[in-house]
Asks: 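One structure is given below, represented as structure tokens, and several questions about it will come after.
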Amino acid sequence: MTGPINLNNASLSRLPIDAPNYDRDKMTVGIAHIGAGHFHRAHQAAYINLLLQQGLANDWGICGVGVMPADWTMRDVLNGQDGLYTLILENPDGSRDAQVIGSIVDYRYAPDDPESAVEALAAASTRIISLTITEGGYRDPDGPAFALITEALARRRDRGVPAPTVVSCDNIENNGEVARRTVLASAERMDPELACWVADHVRFPSSMVDRITPATTLEMAAEVRRDFGVNDRWPVVAEPFTAWVIEDDFADGRPPLERAGVLMVDDVRPYELMKLRLLNAGHQCLAYFAHLCGFQFVHEAARDPLFAEFLLSYFDNEAIPTLPPVPGIDLHEYGRTLVARFANPAVRDTVGRLCAYSSDRIPKWLYPVICANLANDGPVQMAAAAVASWARYAEGTDEWGKPYEVVDQLADSLIPIARSQHQNPTAFIEITAVFCDLAHQPRFVDAYRWALDSLHHKGARATLEALLR
């Protein structure tokens, strides 16, 4: 009996699962992607792989670019596997579909070799620079991702190389414009004339990406070896559902993305708002209550009728009324579909993943819903309760007094402020860097204080029951 097959170019013809049917040696890099983590590999790279399988994208191979010190693991795995990895789709009925993705053909690790990373971005063949650097990655124009992009753009201008298209694939409202502002700020600091060149020539289409993709665990890698006979050091697991909507505004050509199911539009905003205020904000509504109730996995909470009712109430009564019509989509049906997606037991997404880095997420996903409803006299009870559940979670101890780690860039300041709210109930929402002036909005404050008091004195489950009664 033979063991699992090591994943690399030499083993492609012997793999027991679907593998690239195209000649990877004939591919050239057309896309440089900064932040080639689990989401990119489950989403954008999978779309390019589908085009490659159709013989449509040989000059659109992907070069992954790692900018964070922790990216060394991805560097070593992808280089050791010739850029190949396994994508596992977890179906709600428990069945699984596996395929090997071959669209990533190079990887550059900027912390060790910034020159190599910049040259990948500056190459004439690289016509798209895309990003998944998390919501917080856009705060600093001098951060590693934008420092690399700006240097590469300067070299392209100086060499007479055509400007690229910069595509943000992060969960930020109007992400193309956010990326544009950050690149322009970085370019302005380097050279005002470069900023003018960027403004005139580089394109920044906004996009909406949608696929629930939990972090890979050692158990997942072991299952790929056991169930599929492939030794992959870092496979990716995702739900079957996927969507990508992008504005059709490119500086120097693009792959035929529509042939892979991507929706090319003039204005991505309606789709973007739908996803951010329903899926992403829905995750935040669920996460902290679920954690406080002792749930480890998202599907466990979403399958609880109380949590499902809470999510649907937030969707139908608070989030959807703030959204414009979305062509071709019934928003209430989309909300019901989200609950079913959250409840998929095979995905095994963790509550802890959703609770992490909340100070980047709540302001971008849930705060706009609250502001819209305050401005239009709409209800805010469900969203206020979600914020209160974050404030209670940020205290760092559960309802049984057991401590846990609060993972957040602002954790050192959030935790003591959250613990002070027993004396000052509005202390947490007085953090203006996160909540702006919400602490001075009486309708929100009343709903928030009720929920926080209930969480402290009655617990998370009883609070949800009272909220929905």
Side-chain angles (χ1 to χ4, degrees), residues 33-47 68 130-139 143 145-146 166-182 204-215 236 238-239 241-247 262-263 265 267-288 298 311 314-315 319 322-323 326 329 334-335 337-338 341-342 347 349-372 383 386 390 407-409 434:
H33 185 87
I34 300 175
H38 61 279
F39 182 79
H40 168 72
R41 294 189 301 139
H43 194 271
Q44 299 96 19
Y47 280 94
M68 305 303 290
S130 52
L131 306 94
T132 44
I133 57 174
T134 77
E135 297 72 37
Y138 296 79
R139 285 178 174 167
F146 291 102
V166 175
V167 181
S168 169
C169 299
D170 283 296
N171 290 313
I172 302 172
E173 186 173 337
N174 204 12
N175 56 13
E177 178 58 27
V178 172
R180 179 179 183 275
R181 287 199 303 265
T182 311
F204 297 87
S206 287
S207 70
M208 183 277 276
V209 296
D210 190 357
R211 172 169 261 176
I212 297 172
T213 309
V236 184
E239 64 171 339
F241 180 93
T242 185
W244 191 2
V245 185
I246 187 168
E247 291 171 348
V262 180
L263 188 59
V265 299
D267 181 10
V268 81
R269 184 174 169 80
Y271 302 90
E272 180 181 73
L273 289 177
M274 172 190 75
K275 196 253 180 169
L276 295 175
R277 297 188 181 184
L278 295 177
L279 187 149
N280 295 111
H283 266 159
Q284 304 312 116
C285 288
L286 177 84
Y288 315 103
V298 175
L311 286 172
Y314 162 74
F315 293 153
T322 73
L323 294 172
V326 183
I329 293 179
Y334 179 76
T337 300
L338 284 179
R341 290 169 62 192
F342 293 174
V347 174
D349 200 6
T350 63
V351 171
R353 182 184 78 87
L354 303 189
C355 290
Y357 306 108
S358 306
S359 62
D360 286 332
R361 296 173 170 183
I362 292 278
K364 294 178 175 68
W365 302 340
L366 193 59
Y367 176 78
V369 175
I370 296 167
C371 290
W390 176 32
V407 179
D408 197 287
Q409 294 184 27
V434 177

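As the structure is a prediction and not an experimental result, all values here were calculated from the model.
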Asks: Just verifying a value: how many Å separate Ile133 CD1 and Ile172 CD1, rounded to the nearest 0.5 Å?
Replies: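 Here the rounded value is 7.0 Å.
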Asks: So, do Asp360 and Arg139 sit near enough that their side-chain heavy atoms are less than 4.5 Å apart?
Replies: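 When only atoms from C-beta onward are counted, Arg139 and Asp360 do touch, with a gap below 4.5 Å.
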Asks: Between Asp170 and Lys364, does any NZ, NE, NH1 or NH2 come within less than 4.0 Å of an OD or OE carboxylate oxygen?
Replies: no
Asks: Taking the side chain as C-beta and beyond, is there a heavy-atom pair between Tyr138 and Asn175 under 4.5 Å?
Replies: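 The answer is no, as the side chains (C-beta and beyond) never meet within the 4.5 Å cut-off.
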Asks: Do you know which two heavy atoms are closest between Ser130 and His33, and how far apart they sit?
Replies: OG-ND1, 2.7 Å
Asks: How about Val434 and Trp390: do any of their side-chain heavy atoms sit closer than 4.5 Å?
Replies: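 Heavy-atom side-chain distance check passes, below 4.5 Å.
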Asks: Can you see which heavy atom on Leu323 is nearest to which on Arg277, and at what distance?
Replies: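 Looks like CD2-CD, 3.7 Å.
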Asks: Just so I know, are the side chains of Leu279 and Phe342 near enough to count as touching, which here means a heavy-atom distance under 4.5 Å?
Replies: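 Result yes, sub-4.5 Å side-chain heavy-atom pair found.
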Asks: How long is the gap from CG on Leu338 to CE on Met274, to the nearest 0.5 Å?
Replies: 8.0 Å
Asks: Report the C-alpha distance between Arg269 and Glu173 in whole Å, list the side-chain angles of each, state the deciding distance to 0.1 Å, and finish with yes or no for side chain to side chain contact (heavy atoms under 4.5 Å, CB included).
Replies: CA-CA 8 Å; Arg269 184 174 169 80; Glu173 186 173 337; 3.1 Å; yes
Asks: Considering all heavy atoms of both residues, which atom of Thr322 and which atom of Val369 are nearest to each other, and what is their separation?
Replies: CG2-O, 4.1 Å
Asks: To the nearest 0.5 Å, tell me how far Ile370 CD1 sits from Ile362 CD1.
Replies: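 Going from CD1 on Ile370 over to CD1 on Ile362, the span is 7.5 Å.
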Asks: Can you name the closest pair of heavy atoms from Tyr288 and Ser358 and give their distance?
Replies: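 Heavy atoms of Tyr288 and Ser358 come nearest at OH-OG, 2.6 Å.
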Asks: Could you state the interatomic distance from SG (Cys169) to CE (Met208), rounded to the nearest 0.5 Å?
Replies: 11.5 Å
Asks: Would a distance-only check, ignoring hydrogens and angles, find a side-chain to backbone donor-acceptor pair under 3.5 Å from Asn171 to Glu135?
Replies: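 Here the side-chain-to-backbone pair does not exist.
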Asks: Search all heavy atoms of Leu311 against all heavy atoms of Cys285 and return the closest pair with its distance.
Replies: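 So the minimum-distance heavy-atom pair works out to CD2-CB, 4.2 Å.
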Asks: How long is the gap from NE2 on His43 to OG1 on Thr132, to the nearest 0.5 Å?
Replies: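 The NE2 atom of His43 sits 10.5 Å away from the OG1 atom of Thr132.
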Asks: Decide yes or no for Val407 and Cys355: does some side-chain heavy atom of the first lie under 4.5 Å from some side-chain heavy atom of the second?
Replies: no
Asks: Considering the options Tyr271, Phe39, Tyr47, which one meets the ring-ring contact (aromatic ring centres under 6.0 Å, His included) requirement together with Trp244?
Replies: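 Exactly one candidate clears the test, Tyr47.
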Asks: Can you see which heavy atom on Asp210 is nearest to which on Arg341, and at what distance?
Replies: OD1-NH2, 2.8 Å
Asks: Would you say that Glu177 contacts Phe204 through its side chain, given a criterion of any heavy-atom pair below 4.5 Å between the two side chains?
Replies: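 The answer is no, as the side chains (C-beta and beyond) never meet within the 4.5 Å cut-off.
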Asks: Distance from Leu273 atom CG to Trp365 atom CH2, nearest 0.5 Å?
Replies: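 Spacing of CG (Leu273) from CH2 (Trp365) equals 14.0 Å.
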Asks: Is there a donor-acceptor pair under 3.5 Å between the side chain of Arg211 and the backbone N or O of Ala42?
Replies: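 Flag set: sc Arg211 to bb Ala42 pair under 3.5 Å.
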Asks: Considering residues, nucleotides and ligands other than Phe241, do more than 12 of their heavy atoms fall under 6.0 Å from its CZ?
Replies: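 Above 12, so yes.
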Asks: Look at the side chain of Glu247 and the backbone N and O of Ser206, then say whether any donor-acceptor pair between them is shorter than 3.5 Å.
Replies: yes
Asks: If we ignore hydrogens and angles and just use 3.5 Å, is the side chain of His40 paired with the main-chain N or O of Leu131 as donor and acceptor?
Replies: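 No: the side chain of His40 does not pair with the backbone of Leu131.
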